2 protein chains.
Amino acid sequence: MTIVQLEYIMAVDEKRSFTKAAEICHVTQPTLSMQIQKLEDELGIVIFDRYKSPLEPTKVGKIIISKARKIIREFNGIKEYLTNEKGKLSGQFRIGIIPTLAPYLVPLFLPDFVKQHPDSKLIIEELQTETIIDYLQKDRIDLGIAVTPLEEKELKEIPIFNEPIYGYVSTDHPLFKKERLSESELENAKLWLLNQGHCFRNQALKICNQNQLDTQNMEFIYESGSIETLKNMVNISSGITLIPALAAFSNINDFNMVKKFEAPEPLREVSFIVNKGYLKDNLIKELRKSIIEKIPEEYTIKYKNGRVIHWR
Amino acid sequence: MTIVQLEYIMAVDEKRSFTKAAEICHVTQPTLSMQIQKLEDELGIVIFDRYKSPLEPTKVGKIIISKARKIIREFNGIKEYLTNEKGKLSGQFRIGIIPTLAPYLVPLFLPDFVKQHPDSKLIIEELQTETIIDYLQKDRIDLGIAVTPLEEKELKEIPIFNEPIYGYVSTDHPLFKKERLSESELENAKLWLLNQGHCFRNQALKICNQNQLDTQNMEFIYESGSIETLKNMVNISSGITLIPALAAFSNINDFNMVKKFEAPEPLREVSFIVNKGYLKDNLIKELRKSIIEKIPEEYTIKYKNGRVIHWR
DNA sequence: TATTGTCATAGTTTTTTCTTATGATAATGT
DNA sequence: ACATTATCATAAGAAAAAACTATGACAATA
């Protein structure tokens, strides 16, 4: 006994004809005939009285059909439930975003998103990557936004855009006069960096081919917790640092201090992170749409000359 | 999505192990793994979290499993319902029996049967074969007992026993001195016969190779409605007739008038007649048991030298 | 009486399911 | 710490099931 067989008898019951039933089931008439016969054999009853014209279900047949109808309804109910579950964009969504992204990204998409989806409520937390991973696994957040790849097999990464990484150079710094920075020039540079735990710290070090900071030759050390602090440090110290693109133009007064790298430009891949098998595809789709709408188009298209920084 | 897949996830949920679940499903572990994967793909969700140990269903998984459990329960419910329906031997059973059998057969099995099945109530009617067929099709009776084959394709025949046919010869009749009758001797005999409509009339004619009665040469015509009348007619008229075995010994005083035929002995096949797909297998089984218990054993075993009379 | 419409049967092809063999990874015991 | 075992995934081939095309029997209809 299979679900398909039950569907067949329902079709025959509806159409009162094997031929027509086969049509609506998108199979040939012999296929349907044989399956119904098999079912009848297995159950040891006759479901349809072929001698009547138009054919009709037997007494038992009617009972079986009504039972079948119920089963099919519930069977399809599973898929319906899931599409519903995935589709609905209401309720709470707990989102964790890394600190080097959140202050610049959230203000971009959040206002419009809440306007478009009044039934949904986003709860956004600034979390470092490790915490995002932990919280996802513990179901304390639904979605993370972080830099990938993470290589966590329990999680699924859905790339959103590639964020270029720029230099931020004090007007007093020797590199300030250059149009474009090259990565090699930074290899032994004294960089202002975020403190441990921020993934952007590792990304930056990677770009400069430095595995760890050469603290020996530096005049003083100040590891900041935010990119804004970093920029301020550069400003007052004639220094240099690296900043992600979205952070670069948060203050319209320092356009000139932002220096692009020569191609291939270093990039970081920003992705949604979800548990594998996460239901709310729709949340992801909508959120993605909102974000992509607001960020520069060139971030989303595949960078021809970009170099994605794998940092883990 | 198939029922089997749902059964698999239920087994995994119960055992919390693919391997053990495969065992109780009587398949190998890869089979089960693949089917569950297929289901997960189709539904677009992950049902089991394989990273946990022991593995456990995801949040959605739990919901799907509970839905699956319900479906499986109802699915099996169909078969349960049917075995129940077929198995139960209670309620009314309407039975039609041909008149040449009923007076001799019913008293044989009925008393014991009702004793053994106090919850069932048999409603027995004497009906001629054509009426039995008609009533079965109109669902006015559940079961017929008649002589087969009928060659009615809507009906199913279940042979019970082969009833020999004997001659019943008046002591004054020339054939009375014979030990055994031969069919050829009867070819032009003047037989007492049942009137039209009784199948036994045709059976008797067939035995004598007579297609219709040669009324010309007969002294008088009296077509009887019952075998008892027939026997009486023979007694008072020095005549001869044919009677089925069960009727032969209903009166212990005329043993000597009953003459067997030479082998191959003419027989008539007595069968249950039911609608194809009739549910109550159990009724049939029990009834059959009751009947076979009471009739001579040699009727039930295949007659080596018997000649079954097809009469229709 | 020929025609059409309906379902059954036969023989093949295609698809699906299952199996065996093997591999990767995590848990467990020495 | 290292070998062992347990557990699930993957791959490739075998077996089973379901589908198709072609055809046949039969009844209803023109």
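Chain letters run A, B, ... following the sequence lines, proteins first, then strands; residues in each count from 1. On a predicted model such as this, the values are computed, not experimentally measured, just so you know.
In this entry the distance linking NZ of A/Lys15 with C1' of C/dT6 reads 16 Å, nearest Å. Rounded to an integer number of Å, the gap from CG of B/Leu55 to P of D/dT7 is 11 Å. If you measure from atom NE2 of A/His26 to atom P of C/dT15, you get 17 Å, rounded to the nearest angstrom. Here C/dT20 presents its P atom at 14 Å from CE of B/Met34, a figure rounded to the nearest Å. Distance B/Asp41 CG to D/dA9 P: 11 Å, rounded to the nearest Å. Rounded to a whole Å, the CD atom of A/Glu7 is 15 Å from the C1' atom of D/dA19. As rounded to whole Å, 13 Å separates atom P of D/dA18 from atom CE of A/Met1. Atom CD in A/Glu40 sits roughly 13 Å away from atom P in C/dC7 (whole-Å rounding).
Distances shorter than 4.0 Å separate some side-chain N or O of A/Thr19 from OP1 or OP2 on C/dC7. Within the 4.0 Å cut-off from OP1 or OP2 of D/dA6, not a single side-chain nitrogen or oxygen of B/Lys20 is found. OP1 or OP2 of C/dC18 sits under 4.0 Å from a side-chain N or O of B/Tyr8. Side-chain N/O atoms of A/Thr28 include one lying less than 4.0 angstrom from OP1 or OP2 on D/dC20. Close to D/dA18, at under 4.0 Å from its OP1 or OP2, lies no side-chain N or O of A/Thr31. Look at B/Arg50 and you'll find a side-chain N or O under 4.0 angstrom from OP1 or OP2 of D/dA9.
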* Under the salt bridge (charged side-chain N to carboxylate O under 4.0 Å, His left out) criterion, do A/Lys20 and A/Glu14 qualify, and how do the steps go? -> CA-CA 9 Å; A/Lys20 295 203 187 67; A/Glu14 194 190 319; over 6 Å; no
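Nearest-nucleotide positions on DNA chain C for B/Val27 and A/Gln37 put A/Gln37 closer to the 5' end.
A donor-acceptor contact under 3.5 angstrom links the side-chain atoms of B/Gln29 to the base of D/dA9.
For A/Ser17, the side-chain atoms get nearest to C/dC7 when compared with the rest of D/dT10, C/dC7, C/dT9. In this structure, the nucleotide among D/dA9, C/dT17, D/dA18 sitting nearest to the side chain of B/Pro30 is D/dA9.
Residues B/Ile65 and B/Val12 form no side-chain contact, since every pair of their non-hydrogen atoms from C-beta on lies 4.5 Å or further apart. Side chains of B/Ile145 and B/Ile160 form a contact here, defined as non-hydrogen atoms less than 4.5 Å apart. When side chains are defined from C-beta on, B/Ile132 counts as touching B/Ile98, because their heavy atoms get closer than 4.5 Å.
Using modelled atom types and a 3.5 Å distance limit, the side chains of B/Gln29 and B/Ser33 yield a donor-acceptor pair.
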